[in-house]
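Accompanying notes for the structure given below.
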Amino acid sequence: MCGIAGVFEAEGAAGLIASILFAIQHRGQESCGAAAREAGGRIVGHKGMGLVKQVLDEEVQARLSGATAIGHVRYPTAGCSDVVNAQPHLIELAEGPIMAISSNGDLINYGEVRGRLEREGVVFKSDNDAELIGRLIAMYHVRGLDIEAAIARVQSELKGAFSTVLMYRDRLYAFRDPHGFRPMVMGHLTHEGEGEPPSEGIVFSSESCGFGIVGARLLREVLPGQILRLEKGQPLRSVWHAPLQPRHCVFELIYFSRPDSSHFGESVYQTRQRIGACMAAKDGALANGDDLVVMPVPDSSNFIALGYAKAKGAEFGMGLLRNHYVGRTFIKPTQASRDEGVKQKFNPLPDFFPGKRVVLIDDSIVRGTSLRKLVRMVRQAGAKEIHVRIGSPKVIGPCFYGIDTPTREELIANRMSEAEIRDYLGADSLSWLDVVDFEAILPGRRQGFCTACFDLDYIYPPEGFATKTNAPAARETQPVG
Ligand code: SF4
């Protein structure tokens, strides 16, 4: 998971990029960077390992002069943890460094396309998908396609997820893969009227939560398969649009995105509340009462728990306190760092738990190790019963479209029965959302979402990978109490 940002024709563009990236820092904390076009037309960049506040400080922002800039925050999904894989990537053409690219998402056919380019003599500086996209566009452009035709060709050749901003000469392009796996929204710094605004003052972000911090107003999403062109003195133009069946990542709504963002036509926090309400409606066997408290694993489960508590008419409580100076445990790259993160991150509220039956809501179970530690923490704090409710279906497959999930063998839902998982967690009962529940949570829109890590319905499965149609039967599916 990563985040992208773009600013076109606005004073202090690099500073605006840093602010947007800071607001979407939850999408990647390993490295970040920005690139801006100087008055002479040359693009200069700066990137490094670490957080936005550390890497893109005021001195760097001042050095990246220019009114148009792009940026990126990275969490490694493909490619090693090294600054060479930090983005944006600058692409040298015959005229010099006049192209730069940042992208969010992973490509299924990366190896095949890279091999083809290397046989053509293209030299790579990283093993990052965004560099491949940029070098492929540059190759077609050098061979005679105008830049928009080159982007459109690349869009149709690449399989997978890419929400991308690309600076080329005095233009900024924003484009998305034809299925729209990853979110990407467009805003304006001053435009208040109806219809398309002028290009000046346009901003892009992976999530709309990036706009408030720079005073921008959300205009709309960049559509799946769309190429937008921004050029000084010209109106904003959609120069190409070739969508396929949308496959928006449903996990963005469940977990990854900030609750104050809206994309895929949905408000993130409202979707999470609907998930909670749906779970509560199915949980009639768990009796309400004065001793029942519904509690999230903060923060990504807060609104799921709120929706559950409201629908059940039960008390909502914040019994676990989160230290906000610790990053997301899921997006730390090793199990050891994730384990340490759990201990540092959560603390039970004193005197909150004794005598309580706790409905502990989490957004997902991947390996189960973090949740096991939390259940133990809540039990030791005095809870008399712990009923774990998971706001997503069982994760049974990895993601190939930009989320770092483990191999199938590491996923707890593939290794244990539901009763075994309940016992492993130390919970009194355990249940998940079902994939069919998305019909009610996203009414009329279910087909527009990717749920492959829950049902193996991969639109682009890697060769030889077991999918919905050829996978072995899943293990038991009944809730366990
Ligand atoms: S496989 Fe899962 S995480 Fe990946 S895009 Fe699909 S829903 Fe999202």
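Just so you know, ligand 1 is whichever comes first in the structure, and atom 1 is the first atom listed for that ligand.
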Legend entry - Set of residues satisfying salt bridge (charged side-chain N to carboxylate O under 4.0 Å, His left out) with respect to E207, sequence neighbours excluded: R27
Legend entry - E409 with R415: basic N within carboxylate O range, under 4.0 Å: no
Legend entry - Contact summary for A35 and M167, nearest pair of heavy atoms: O-SD, 3.7 Å
Inset, instruction - Would you mind telling me if ligand 1 is within reach of the side chain of M1, the backbone, both or neither, using heavy atoms under 4.0 Å? - result: neither
Legend entry - atom 5 (S) of ligand 1: the protein heavy-atom neighbour that sits closest, reported with distance to 0.1 Å: R182 NH2, 3.4 Å
Inset, instruction - Mind checking salt bridge (charged side-chain N to carboxylate O under 4.0 Å, His left out) for D82 and listing every partner two or more places apart, or none if nothing turns up? - result: none
Legend entry - Residue and atom, protein N/O/S, under 2.8 Å of atom 6 (Fe) of ligand 1: C450 SG
Inset, instruction - With sequence neighbours excluded, tell me which residues meet side-chain contact (heavy atoms from CB on, under 4.5 Å) with R445. - result: H248, E266, L442, F449
Inset, instruction - Please assess Q344 against N323 for the test side-chain hydrogen bond (donor to acceptor under 3.5 Å, both in side chains), listing each intermediate value before the final yes or no. - result: CA-CA 7 Å; Q344 292 175 3; N323 183 332; over 6 Å; no
Legend entry - Salt bridge flag under 4.0 Å for residues D299 and R322: yes
